[in-house]
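Nothing here was measured: the structure is a model prediction, and the numbers come from that model. Proteins come first, then strands; the chains are lettered A, B, ... in the order of their sequence lines, and each starts at number 1.
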2 protein chains.
Amino acid sequence: MTVATFLDTLQARIPANAIVTDADAIAPWLTDWRGRWTGASPALLQPSTTADVAAIVQAAKAHGVALVPQGGNSSMVGGATPPADGSAVLLSLRRMNCIRALGPDHAVVEAGVILETLQNAAAEEGARFPLDLGARGSATVGGLASTNAGGTQVLRFGTMRAQVLGMEAVLSGGLIHDSLSGLKKDNRGVSLDHLLIGAEGTLGVITALRLRLVPGKVQRAAAWIGLDDPHQALALLRRLEAATDRIEAFELIPDASLQRVLRHIPQTRAPLAGSWPWHVLVEAVVSAADEPPQQLLEQLLGDAPIGDAVIAQSDAHTEAMWRIRHSISEAERTDGPAAQHDISLPIDHVPAFLTEEARLIERRFSGTEATGYGHLGDGNVHFHVRAAAGAPRDWADGPEGKAVSALVHDLVTRAGGSISAEHGIGQMKKDELARLASPARMQALRAIKSAMDPHGIFNPGKLV
Amino acid sequence: MTVATFLDTLQARIPANAIVTDADAIAPWLTDWRGRWTGASPALLQPSTTADVAAIVQAAKAHGVALVPQGGNSSMVGGATPPADGSAVLLSLRRMNCIRALGPDHAVVEAGVILETLQNAAAEEGARFPLDLGARGSATVGGLASTNAGGTQVLRFGTMRAQVLGMEAVLSGGLIHDSLSGLKKDNRGVSLDHLLIGAEGTLGVITALRLRLVPGKVQRAAAWIGLDDPHQALALLRRLEAATDRIEAFELIPDASLQRVLRHIPQTRAPLAGSWPWHVLVEAVVSAADEPPQQLLEQLLGDAPIGDAVIAQSDAHTEAMWRIRHSISEAERTDGPAAQHDISLPIDHVPAFLTEEARLIERRFSGTEATGYGHLGDGNVHFHVRAAAGAPRDWADGPEGKAVSALVHDLVTRAGGSISAEHGIGQMKKDELARLASPARMQALRAIKSAMDPHGIFNPGKLV
């Protein structure tokens, strides 16, 4: 068997504890965290050095064995789950978890370092890693870069792509690409760093990253704003953007989502006394030496055309507002089945999508309820279509749920949007990508995959 | 002849005035602006629509004719000059010069729009395009993106890569890639935009760009600082970076360069009364509503460990300081032959390179003088090695000049730097790239070129 001889070869080249064949030890990593995909793998490789990763990739080529790179296994699209036929081997980067260097404006970290670990290490240096998301306790920086992760701070700081200053990666045949010296200007042809960011491990294996840090000594404050409709929210966003570069979050929330949170999540209460059809959570962050952020928010919101607003006067108050935002997903889940979509749109088109296109979907699929919440400032909404009452639990994966998703993706594509804003393609959206992407994009993605991975070693069955 | 049938085919597909075969009209575009490379081309194609570019690329594939995309013809490395054998046809993007849209935070512009035109159009909207360089009157945005141009504002705003929000480009076979809708989040696999940025026209032809604009209503002021050595300059840079994000330029200048400017360039005078071995020109830019930038500079420089400093109190004073910086290249040229290098280094290594490595080069090549000036904040110095007295005018292209350049490139590579910081590779540095790039980089660059341009249509003889 090919895999058996591959593992034999590896025994001689990498430490014994880097090769796990015990089925019980492998099992937890064969299913994605939401339990939607389960694969099989005869072994789990867990190297702790770049040289060992290179040796694995070399041997994989020699024996024609495919590898599935895995970080925290927190993919939303099955991007780190191996194929079900056991033909590929899991390559975990979790033991490559060394923080190689840390300065006031950068960190050099191995791929397996967990986001929260990096955030804490940066904070100890008085710095801040400006990317945050719900899976911070398990997602690794290698996975974040491979999927160009987004999160809640993209508005000011950009996605993971904007945080990567340099990279170490193992490419086809085991050759090592190293740009960790972190040059600010380097025009030696196509950027390999940018090629690997968002490639979902299909072109090579990221082993380390040089990441930017920003000054950590800051004051922050949130405000909760009641509005009549998403058009008003967009106008407010544009007004704030023109006035300051200190806004870090601008989250749009329909009242239905807020009400679900208040109903299902303990210890939550409505931030405003009155009732509004739409809400915005905005956060301002200023340096420690500046005037308090509450003053900035008061000044910005003072005469803005909005319904009502409350500015958090304490960290606890700010956290209570964020608790509502972060609980929406959980509250929505307890309230019955829904088809969920991680989409992005040109920002100016978001309000119309959340009203006109949402109504069109509800008319087409009677009894459904279409709403979106999320990062208006990034044009990225989590667009949920809830099933009609009495629908089965697995409605989203059934024929009507799939038809709903296809329509959502059609409407998004027609509006110049993306069917994957931040979660990637993985296994989940591979067919929809092939159905909806332009011929230019599909030709290029396939050509690049063949060129960078001619032996089909890297993360088979994902993306293209 | 293949080219003749190619042109015949085009006659039927694109407007007659888009095909120029008059040798006199073609001639000015066959030589680069510094007169270092001259090529030949039987025709100059000058389409004015994306559809026409697509038709040209389709026909080029059918007839096996290569195309040399050209913008303002201001390449520093022969990147837009056709091969001398006349086998390729010039494809000028200059007639694609429409500003399709302009808003407060973005512009959608065709590839042939000249940088200065864009800057002025943005200014009329109260906005600013945050990239500037000497060739602003001829360089086109398509060329700036294809070469990932840098310039004087990279410190705060990044290179051209950071300005590109979306792109339209014609890829192999004439397929059109279009991301002009400008999504802030889009994770549908590898980013084709980032693949084409810096590819020097070897993977496709950029026809339009969506570019970011920043608020234009600002106040600016420069300061000139005298220092003992570049280590002190680096310490000052780090101090300023930690204190504010309003510094837009941080230029390092050795006294020898200043003295050459004072000697050769009319209407220049020393900014400081005393004599210093090294100088820094720093510029702070704040919003129109803020306190004057002079106050920020006074506060930042007040107790900094520097030699001496003067803060410009008027726009004219600021401009006089910049005139010195922008005249260095001209002053250096009038003072005899030199081998010039556009290199970048990890920023912390720049001071040592400008002292220790510079002395090493001078010892190895007796009578030479090695100095660097430029964008310390980007790790990017223009590193000049001046010939010994009495050297011939073409010394830099002779055996000693070439040996000097090879040594400079060796030392840069050893320090984790780049042999091309902002000018690209083109024809000029192709051999040096192949000699010094890592096997991983060369393998990837070649594989991507073959994948994206299987018929060898795009900009032959450049990069790889």
Chain B: which of [options] shares the most heavy-atom pairs with it under 4.5 Å?
options                                : answer
A:Gln443, A:Arg441, A:Met452           : A:Arg441
A:Ser420, A:Ala451, A:Pro439           : A:Ser420
A:Asp342, A:Asn187, A:Ile176           : A:Asn187
A:Ser438, A:Gly204, A:Gly189, A:Gly379 : A:Gly189
A:Pro215, A:Ala415, A:Ala199, A:Gly417 : A:Gly417
A:Leu195, A:Leu433, A:Asp178, A:Leu203 : A:Leu195

By a 4.5 Å heavy-atom criterion (distance strictly below it), what part of [X] contacts chain B: side chain, backbone, both, or neither?
X        : answer
A:Asn380 : side chain
A:Leu192 : side chain
A:Leu180 : neither

Residue pair [X] / [Y], side-chain donor-acceptor N/O under 3.5 Å:
X        : Y        : value
B:Glu168 : B:Thr207 : yes
B:Asp193 : B:His177 : yes
B:Asn148 : B:Thr159 : yes

Sort [X] into side chain, backbone, both or neither according to what part of it lies under 4.5 angstrom from a heavy atom of chain A.
X        : result
B:Asp186 : both
B:His375 : side chain
B:Ile425 : both
B:Thr147 : backbone
B:Pro104 : neither
B:Asp245 : side chain
B:Arg446 : neither
B:Leu183 : side chain
B:Ile343 : neither
B:Ile419 : both
B:Asp105 : side chain
B:Glu422 : both

Any idea which heavy atoms bring [X] and [Y] closest together, and the distance?
X        : Y        : answer
B:Ala421 : B:Ser418 : N-OG, 4.1 Å
A:Ser172 : A:Pro454 : OG-CD, 3.7 Å
B:Val170 : B:Val53  : CG2-CG1, 3.6 Å
A:Asp453 : A:Phe458 : OD2-N, 3.0 Å

Requested in this report: Without swapping roles, check the side chain of B:Gln163 against the backbone of B:Ala145 for a donor-acceptor pair under 3.5 Å.
Outcome: no
Query raised in the report: Does B:Ser179 reach the main-chain N or O of B:Met167 with its side chain, forming a donor-acceptor pair under 3.5 Å?
Result: yes
Report summary line: Note: vs chain A, highest number of non-hydrogen pairs under 4.5 angstrom among B:Leu445, B:Ile197, B:Leu196 is B:Leu445
Report summary line: Ranked by heavy-atom pairs below 4.5 Å to chain A, first place among B:Ala437, B:Ala289, B:Gly198 goes to B:Gly198
Query - Intermediate values then yes/no, side chain to side chain contact (heavy atoms under 4.5 Å, CB included), B:Gln427 and B:Lys462 - result: CA-CA 5 Å; B:Gln427 303 180 46; B:Lys462 315 298 171 5; 3.6 Å; yes
Query raised in the report: So, B:His341 versus B:His409, ring centres under 6.0 angstrom or not?
Result: yes
Query - A:Glu248 and A:Arg128 ion-paired at < 4.0 Å - result: yes
Report task. Using a strict cut-off of less than 4.0 Å between a Lys/Arg side-chain nitrogen and an Asp/Glu carboxylate oxygen, indicate whether A:Lys429 and A:Glu432 qualify as a salt bridge. Result -> no
